[in-house]
Structures are given as structure tokens and as C-alpha cells.
Student: 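Here it is, the structure in full.
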Amino acid sequence: MAEENAGMVNPAIFEHLQLKIDEDTSIRDELREIVQTLEKQERSAQSILSRAHSTPTSQLQDVATAAEAAIRHEIESISRLSRTASNHPYYKYNATWTRQVQDACFTILLCGWLGGFASEAVPVNLKDRDAFHLTIEEYLQSLISLVDELARLARNSVTLGDYSRPLQISQFIKDLHAGFQILNLKNDSLRKRSDGIKYRVKEVEDVVYDLSLRNLVPKS
Amino acid sequence: MHHSEDNRAVSPFLPMFETFRAELDEHHDRRERVIKASRDITAASKKIIFSLQRARALKQQIPQGIQKANKQFYEIISAQYNAVSKDLQGLNAYRYSGQITGGNQEFMEAASFQHYLEKQSLISLEESRAKLRGLGGESGSLMLTLDDYLLGIFDMTGELMRFAITAMATNGELPGGESRSKSFPNAVNDINAGAIEIPAARLPQRNVLADLRQLRSCLEGLDVGGNGRLARDTEKKTEVMRICVDKVERALYGLIIRGRERPKGWLPMDEGGKQEVESY
């Protein structure tokens, strides 16, 4: 028998494996290219949004509007990602884009909080079909980023002479904190990061305390 | 110090977070179940491999005693896969593939080792998938990823090493090509009698070492891409596999060069020797 001397491995086995691995690699490359574009767009959106820390409240709408334009590019990339990713099992490649999608989601949330649009066309927590979506974990991660950013904004608002914004922020992140507290998080990155929320709450409370101590809190 | 006018007692986001909580709890429970099943499948597979190591012959039915001993472990594996199958359907197949991969790899290791002992050939990805598919039960079939398969095969090289070394220690020769080696019954004696030239036919073409070397070259030839999980995992396993092949080669060298000068069962390497004590 020819097969007898050919050895234990049928060459077809490894030819097939190589073919499958190459297919997988090219899918990853394709996704990575989209994700890199998204990352650039996210950075430019974030650089616009960071102007909020040095912009008086009266002109903040301009920042939000400028950020909106940048975020539209992100949304285009996410749509492209969605089309490509939906051709494949979602969780097989989720790790390729999860961080960039979290960051993009954060810019959308922050822009929305500052008075921008914040409308998403991506489903959250898809369960019934295997297609692109935003997972709950990704959404929660971006909420934590939002909390961190708003804590910073609370201090900087005071510097800019806006004494009512810290109160707004304080209430908002307290509400989010209450939400996070009812979650049963496991010992993962979400848990570690969400543990930090209480310090942000405390930081902003301190700002509010400093204001009220000096009678700087506006009467509503 | 607070401003009670907007200090709401209840966060307006609570309903949303309650939904998240329910979803995440469900997710964590599923994850836990998969992890537990994977652990049990791993343990049972290890036991199967351990019994299979008692086999001494290649290309033959697994001895009755071993088959009988392994029946219960196959039943455990089947029951575990069956129970967890509902958590691994559709979208969730890849969602928890990182949790089930340990069990899948160990199962692959056992299945491919048994397949090798019986047929002296490498089980294919499709054959392996067919084996696992049947274990899903009513909830649907189970998925074996290419990574599960490949990493299981890498680990199987370690079993081939143990099998080869045990056989050398107990029978004084490498398993494989027995029918041919029987036509050279005096091969080892010839060497001991001072025949300097080691006859080429003394080493059958298709013994475990030849197979191991071929498998090594196939696995090393695979291009797993520059990055990603598979690349990282195979890098580690490639190193271990090389050591395994090396151990068999060293053991064979000792066998050839010293022949029967030394007592049966004695091994040149400490690591190998330790294995031997267990298998007696």
C-alpha cells in the first residue's frame, strides 16, 4: 500500500488547515484595516471634545457641533465594520474591534452629554441572531470613560466660572453609580474600572462641597 | 451640603441597569457552567489518555481492559457536553469558545491519541468535528474550532513521546512496523555482538519516531500568521513538541548505542525514568 509508507499524516489535512488559517488571517487583516481607520477618527473626535474643558459654557454648543461632524466619520467606519463583521461569527472577531468601539461609543456619549446628537444605529446586546452589535459590556465600559471625563470637566467648569455644571455632573454620575452598584460584576476589567466610579463621585462631591462652602452654588 | 431640589432618591437609570443586571447574570451563569463542564471534560480526557498509555501495540484494537476502563470516562465527557450544549449554540458558540477550549483541546488530545494507536494515522479536522458534533445531544451540535483541534494535536505529540519511551523501555524497541522488525529478530543482538554498522532495516520506516518527526515537520510548516491567539499558543506548544521529539531521539540513541547492556526498563533520562515508574 502506498499509504502505508506515506507516514502518519495525510498531507491533505495540513493543506486544509493552512487554507483555513489563511482565510482567517485575511478576515482579521480586513477588519484591522477598518478598526485602524476608526481609531484615527476617534482620536480626532476626542481631541475636539477635549476642548470642552477650556470652553465657556456659552460656547460649548460649537464644540459639540464640531465633534458631531467628526463622529459622523466614526459612524461611517462602524457601519463599514458592521457590514464586514456581520459576514462572520460575531464573537470570533469581537476582540479585534472591542476597544475602538468602546472609545467611539464614549465620544458619542460625551458629545451627547455636551448637547450634541448621540443617536446610534447599532443594536445593543443582540441575542437572537449573530450579527454586529454593541455588547452591554462595551456600553458599560464607555459609560465609565464618560464618568472619568465628566469628573475632570466638573473641576474645569469651576475654573471657567461655571458653577452650575458641577452640580449637574454630580447628580448624573451619582445616578450612574447607583446603576452600576446593582450589577453583579465578576472579577474582570469591567469590575476593576467600575470600582473607580465611587472615587469620581467623591471627587465631584468635593467640588460641589467647595462651591457650597463659599456660597457659590447658583440658586435654582 | 447637598442640594435636595435635584437630589433624586432613585436614579432614573435604574430600569436600564436592571436589564443589564439580568443579562449579565445570565451571561455569567452560562460562562460558569461552560467553565465547569470544560474542567470535567479535561479531567476525564486526561484519565482516558492515562489508560491509553497502557497500550503497547500500534495499529490494533485498543485492548479490552483499557476500553472497559475508559468507558466511564467517555460517558462523563458525553454527559458534560450534553449538559452544556445549550449554552454553546448560535452566537454563544464563539462567545464561550475561550471557556470550552481547554476541554475541547484535551478531548482532541485523547481522541487523536486513540485514533493513532488504532490506525497509526492522524485524525483529520473533519473526523474530529464529526466526533464532537455527535456529543451535543438534543440542544444541537457542538463546535470544534481549528484552534481546539490544532492545539490538541500539539499536545498529542507529548503522548506519542511517552508511548514511544515506555515501549522502548519495556520491549526494547520502538513500536510501529512490528511485522517488519520481526524479520530482523537479531537486530539488537547483532549490534551487541559488535556489528559496527547498524543495519538500516533495523529501523522500520513507520515507527513512532518516524511518525513523530513527520508530525513535527507538518506542525512546524504551518504558517499561523504573525499575531493573534493561535500564533501565541502554537509558539509555546511548538517548543514543548520539539523537546518531546528530542527525548525520543535521545532514548533511541541510548537504545541503539548501548543495546542490552543495561537492564530492561532503565532509562537514560531522569524525566523519562520518572514516567516509567508510574507505568509499571
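Order of the sequence lines sets the chain letters (A, B, ...), proteins ahead of strands, with each chain counted from 1.
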Student: Within the distance-only criterion (no hydrogens, no angle test), does the side chain of B:Q120 pair as donor or acceptor with the backbone N or O of A:M8 below 3.5 angstrom?
Tutor: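 No, the answer is negative, given that no donor and acceptor are paired below the 3.5 Å cut-off.
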
Student: Counting only non-hydrogen atoms closer than 4.5 Å, does A:E137 touch chain B with its backbone (N, CA, C, O), its side chain (CB onward), both, or neither?
Tutor: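 A:E137 touches chain B through side-chain heavy atoms alone.
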
Student: Where is the tightest heavy-atom contact between A:I182 and B:R21, given as atom of each residue plus distance?
Tutor: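 Reported closest heavy-atom pair: O-CD, 2.8 Å.
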
Student: Going from OH on A:Y91 to CG on B:L91, what distance comes out if it is rounded to the nearest 0.5 angstrom?
Tutor: 5.5 Å

Student: Taking everything shown except B:Q61 itself, do over 12 heavy atoms lie less than 6.0 Å from its CD?
Tutor: no

Student: So B:F13 and A:F172, ring pair (Phe, Tyr, Trp, His ring centres under 6.0 Å) or not? Walk me through it.
Tutor: CA-CA 10 Å; B:F13 306 129; A:F172 181 72; 5.5 Å; yes

Student: Where does A:Y93 contact chain B at under 4.5 Å (heavy atoms): side chain, backbone, both or neither?
Tutor: neither

Student: For the atom pair CG (A:N184) and NE2 (B:H27), what is the distance rounded to the nearest 0.5 Å?
Tutor: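 Output value for this atom pair is 12.5 Å.
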
Student: Check this for me: B:K131, atom NZ, are more than 12 non-hydrogen atoms of other residues, nucleotides or ligands nearer than 6.0 Å?
Tutor: no

Student: Does any backbone or side-chain atom of B:D223 lie under 4.5 Å from a heavy atom of chain A? Answer side chain, backbone, both or neither.
Tutor: both

Student: Could you tell me if the side chain of B:L222 sits less than 4.5 Å from the side chain of A:L17, heavy atoms only?
Tutor: yes

Student: Please find the pair of heavy atoms, one from A:F14 and one from B:L122, that lie closest to each other, and give the distance.
Tutor: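 Shortest heavy-atom separation between A:F14 and B:L122 comes out as CE1-CD2, 3.7 Å.
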
Student: For B:Y116, which atoms come within 4.5 Å of any heavy atom of chain A: side chain, backbone, both, or neither?
Tutor: side chain

Student: Side chain, backbone, both or neither: which part of A:L176 has an atom under 4.5 Å from a heavy atom of chain B?
Tutor: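 Looking at A:L176, backbone and side chain both touch chain B.
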
Student: So how far is it from A:D24 CG to B:L230 CG, rounded to the nearest 0.5 Å?
Tutor: 8.0 Å

Student: Within the supplied structure, the quantity of interest is the number of heavy atoms (other residues, nucleotides, ligands) at a distance under 6.0 Å from A:K20 NZ; does it exceed 12?
Tutor: no

Student: Does any heavy atom of chain A fall under 4.5 Å from the side chain of B:S124, the backbone, both, or neither of them?
Tutor: both

Student: Please name the pair of heavy atoms, one in A:D175 and one in B:S11, separated by the smallest distance, quoted to 0.1 Å.
Tutor: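 In terms of heavy atoms, the two residues are closest at O-OG, 2.8 Å.
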
Student: For A:H16, is it the side chain, the backbone, both, or neither that has a heavy atom closer than 4.5 Å to a heavy atom of chain B?
Tutor: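 For A:H16, side-chain heavy atoms alone lie under 4.5 Å from chain B.
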
Student: So for B:L215, is it side chain, backbone, both, or neither that comes closer than 4.5 Å to the heavy atoms of chain A?
Tutor: both

Student: Does the pair B:Y94 and A:D130 meet the rule for a side-chain contact (heavy atoms from CB on, under 4.5 Å), with working shown?
Tutor: CA-CA 10 Å; B:Y94 275 105; A:D130 193 350; 5.8 Å; no

Student: Return the minimal non-hydrogen interatomic distance between A:A178 and B:L14, and the atom names on each side.
Tutor: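 For A:A178 and B:L14, the tightest heavy-atom pair comes out as O-CD2, 3.8 Å.
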
Student: What distance do A:Q18 atom CD and B:L146 atom CG have between them, rounded to the nearest 0.5 Å?
Tutor: 10.0 Å

Student: Side chain, backbone, both or neither: which part of A:N10 has an atom under 4.5 Å from a heavy atom of chain B?
Tutor: neither

Student: Aromatic contact between B:F20 and A:Y139, with the criterion being ring centroids under 6.0 Å apart: yes or no?
Tutor: yes

Student: Name the region of A:L143, side chain, backbone, both or neither, that has any atom closer than 4.5 Å to a heavy atom of chain B.
Tutor: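 Looking at A:L143, just its side chain touches chain B.
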
Student: I would like to know whether B:L24 and A:L185 meet side-chain contact (heavy atoms from CB on, under 4.5 Å); could you show each step before the answer?
Tutor: CA-CA 8 Å; B:L24 288 174; A:L185 295 174; 4.0 Å; yes

Student: Need one label for B:E32: side chain, backbone, both or neither, based on atoms under 4.5 Å from any heavy atom in chain A.
Tutor: side chain

Student: Which region of B:I123, side chain (C-beta onward) or backbone (N, CA, C, O), has a non-hydrogen atom less than 4.5 Å from a non-hydrogen atom of chain A, or is it both or neither?
Tutor: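 Backbone of B:I123 only, per the 4.5 Å heavy-atom cut-off to chain A.
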
Student: Evaluate whether atom NZ of A:K40 has more than 12 neighbouring non-hydrogen atoms of other residues, nucleotides or ligands under 6.0 angstrom away.
Tutor: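 Check fails, neighbour count at 12 or below.
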
